Amino acid sequence: MEIIEKESVATQEELVSRLREAGFAVTQATISRDIRELKLSKVPDGTDRQKYALIRQEDEDLEDKYIRVLRDGFLSMDMAQNILVVKTVSGMAMAVAAAIDALRFSEVVGSIAGDDTIMVAVRTVEETETLVEKLHRMIEKK
């Protein structure tokens, strides 16, 4: 946990390497199991990469609330190159935009909300497609 908290570790291989450097005899299989047991998740690291982090229960509860806001307010979405346009129930755009921002998708640069429409600026067209897939998975899970 100390390595995960102090360093940006993006892969299991990086974690194995760091642990071995610290004097621990570990294998890929044990790291994979430990990641599951510790409930580590990948989160944006502030660059274009992701890193392992411990998601605390209160963070999980908040994430569930944000996903509920997405589901409750979402109507549709459409891409315009690297801009994702999200249509919401009237009056819900700001709440849904706040939920998208709070979920910290690495693809999102920022968002602007009106009454029932959100414009989400995304880094690239490819990342816009990835974001659409992620949002669909979140909205469809019940």
Side-chain angles (χ1 to χ4, degrees), residues 1-89 91-114 116-142:
M1 288 310 304
E2 188 175 316
I3 291 171
I4 294 294
E5 289 172 359
K6 288 183 179 178
E7 300 178 39
S8 182
V9 178
T11 66
Q12 291 182 11
E13 293 81 14
E14 285 180 42
L15 186 54
V16 167
S17 176
R18 301 262 174 39
L19 285 165
R20 287 181 178 161
E21 288 169 8
F24 294 95
V26 295
T27 64
Q28 183 74 35
T30 59
I31 291 302
S32 183
R33 184 192 67 233
D34 291 343
I35 286 171
R36 275 192 310 279
E37 286 178 10
L38 291 170
K39 296 182 179 169
L40 296 178
S41 297
K42 287 213 170 178
V43 299
D45 73 351
T47 67
D48 287 340
R49 296 185 65 203
Q50 302 234 334
K51 67 177 182 174
Y52 283 108
L54 176 63
I55 303 295
R56 298 186 183 2
Q57 184 61 42
E58 59 269 12
D59 292 342
E60 288 177 13
D61 292 343
L62 278 176
E63 182 173 312
D64 289 343
K65 288 177 184 176
Y66 296 135
I67 292 169
R68 255 180 293 171
V69 169
L70 276 173
R71 287 183 187 142
D72 290 346
F74 177 86
L75 291 178
S76 66
M77 63 183 144
D78 197 6
M79 282 179 53
Q81 296 293 330
N82 67 317
I83 295 174
L84 181 62
V85 178
V86 179
K87 291 294 201 174
T88 70
V89 173
M92 288 288 294
M94 285 194 189
V96 172
I100 290 170
D101 290 343
L103 288 166
R104 295 189 215 118
F105 294 104
S106 61
E107 300 85 359
V108 174
V109 177
S111 60
I112 300 171
D116 64 356
T117 305
I118 306 164
M119 292 183 65
V120 183
V122 185
R123 295 181 196 292
T124 66
V125 172
E126 294 80 18
E127 287 182 304
T128 307
E129 293 166 350
T130 300
L131 180 62
V132 166
E133 291 172 19
K134 286 180 179 181
L135 288 170
H136 272 300
R137 281 195 304 268
M138 287 181 155
I139 291 163
E140 291 169 4
K141 281 185 185 176
K142 300 249 175 177

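No experiment lies behind these values; they were computed from the predicted model shown.
Between atom CD of residue E133 and atom NE2 of residue H136 there is a gap of 9.0 Å, rounded to the nearest 0.5 Å. Rounding to the nearest 0.5 angstrom, the gap separating the CD1 atom in I35 from the NZ atom in K42 is 8.0 Å. Of the inter-residue distances, the one linking D72 atom CG with I67 atom CD1 reads 12.0 Å to the nearest 0.5 angstrom. How far CG of L131 is from CE of M77: 7.5 Å, rounded to the nearest 0.5 Å.
Using a 4.5 Å cut-off on side-chain heavy atoms (C-beta onward), T130 and F105 make no contact. At a threshold of 4.5 Å between non-hydrogen side-chain atoms, the residues L84 and I118 do not count as touching. Using a 4.5 Å heavy-atom threshold, the side chains of V89 and L75 count as touching. Between K87 and T117 there is a side-chain heavy-atom pair separated by less than 4.5 Å. A 4.5 Å side-chain heavy-atom check between N82 and V109 finds every atom pair outside the cut-off. Side-chain atoms of M79 and V125, non-hydrogen and from C-beta on, do get closer than 4.5 Å to each other. You'll find the side chain of L103 reaches within 4.5 Å of the side chain of L70, heavy atoms only. Looking at E107 and T128, their side chains never come closer than 4.5 Å, going by heavy atoms from C-beta outward.
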Q. Is there a side chain to side chain contact (heavy atoms under 4.5 Å, CB included) between I4 and L15 once you walk through the steps?
A. CA-CA 8 Å; I4 294 294; L15 186 54; 4.0 Å; yes
Q: Apply side chain to side chain contact (heavy atoms under 4.5 Å, CB included) to M1 and L40, showing your working.
A: CA-CA 9 Å; M1 288 310 304; L40 296 178; 4.0 Å; yes
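The two residues Q12 and S32 come nearest to each other via the heavy atoms OE1-CB, 3.7 Å. Between V96 and G73, the shortest heavy-atom contact is CG2-CA, 3.9 Å. When all heavy atoms are compared, the tightest approach of D101 to S111 is OD1-OG, 3.0 Å. Smallest separation of non-hydrogen atoms from K51 and S8: CB-OG, 3.6 Å. Across all their heavy atoms, A10 and Y52 have their closest contact at O-CE1, 3.8 Å.
The number of heavy atoms from other shown groups lying within 6.0 Å of CE (M119) does not exceed 12. Other residues, nucleotides and ligands contribute at most 12 non-hydrogen atoms within 6.0 Å of the CZ atom of R104.
Between the side chain of R20 and the backbone N or O of V26, at least one donor-acceptor pair lies under 3.5 Å. Judged by distance alone, the side chain of R71 and the main-chain N or O of M138 form a donor-acceptor pair under 3.5 Å. R123 places a side-chain N or O within 3.5 Å of a backbone atom of S106 that can act as its donor or acceptor partner.
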